[in-house]
Amino acid sequence: MIEKINQLRAEIESLTAAGLQEVEALRIKYLSKKGAISALMQDFRTVPAEKKRELGQKLNELKEAATARLSAMREALENADAVDADLDLTRTPIPFPLGTRHPLSLVREEIIAIFSRLGFTIAEGPEIEDDWHVFSALNFADDHPARDMQDTFFIERNPDVLLRTHTSSVQVRVMEKTAPPIRVLCPGRVYRNEAISARAHCFFHQVEGLYVDENVSFADLRQTLLYFAREMFGPETKIRLRPSYFPFTEPSAEMDISCNLCGGKGCSFCKHTGWVEILGCGMVDPNVLEACGIDSKKYSGFALGMGVERITNLKYQVKDLRMFSENDVRFLRQFTSAH
């Protein structure tokens, strides 16, 4: 009987099955009431008393081995069925291309990193705003052209609700809730009712900065802008400030940088002037400070704002703004090594 047990165990250990139905058939063959192991149990009754202990132990080990073997076969087949038939588990993952960062994200994060070294923190606000935070608190007159439907997306049923046209609305919210000193950077998406073309879009991205404290001067603004320009475009970059007008700053200026393509010598990109405009800036108008609850006799400040798309154009020479929102992978793959 020992020979039968050993023979049956060797047979069970070598079992294979191509499917769950074959496993079930093997279970019936060996472990059912009429199976091979049950037949040995019947023969066990005729074994002499002095050999029952040894043979009984071997029969139990045989049954446990058969149960374990069949369970392992069943589990392996069930797991195989759960795997996608088209999935090649032997294929190396290396050929699969990695994703890329969007160029606007790369530039926005670089701008934020530069200003963070100067102590600026990030502030964010809603894209759906009210007239007060977008216009009135920023010293826009009631008849200012920016309020016209040609420039602003208003919510039809409520003319006081609109899509923000600049992230200056976030600056207003910060000044309303925070006592100076204030030093914040406000990145975000903005919307304007413009025809979509290679040079304009109905939505784009801005980064605006605000610094309010005692004795803040235009010299502080200029040094901040010079630091930013040289960190972003290189240590040889020059800047110039031209007088301009914004309702929320006085005095106001546009800032140009020396063309990073021709080094200021003049080329088609800078229209042979040697200079490229990148942002607007100025000292915060006292009316804006007072509207936000800040004493304009004690505090002063400067504000600046730039389009992320504009900076990205200068950095990567992307000439069509529409490429930033079309999700063309041929365009995006060019920035694989930029992150």
With side chains defined as the heavy atoms from C-beta onward, is the minimum distance between [X] and [Y] less than 4.5 Å?
{"X": "L162", "Y": "I155", "result": "no"}
{"X": "N193", "Y": "D151", "result": "no"}
{"X": "I182", "Y": "V184", "result": "yes"}
{"X": "F115", "Y": "V207", "result": "no"}
{"X": "E24", "Y": "R74", "result": "yes"}

Under 6.0 Å between ring centres, would you say that holds for F302 and Y211?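 Close enough - the centres of the two rings lie under 6.0 Å apart.
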With the threshold set at 4.0 Å, does a side-chain nitrogen-carboxylate oxygen contact exist between [X] and [Y]?
{"X": "R173", "Y": "E176", "value": "no"}
{"X": "D256", "Y": "R240", "value": "yes"}
{"X": "E109", "Y": "R101", "value": "yes"}
{"X": "D328", "Y": "R330", "value": "yes"}
{"X": "R117", "Y": "E231", "value": "yes"}

Got more than 12 heavy atoms from elsewhere within 6.0 Å of CD, E214?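 Count over threshold, so yes.
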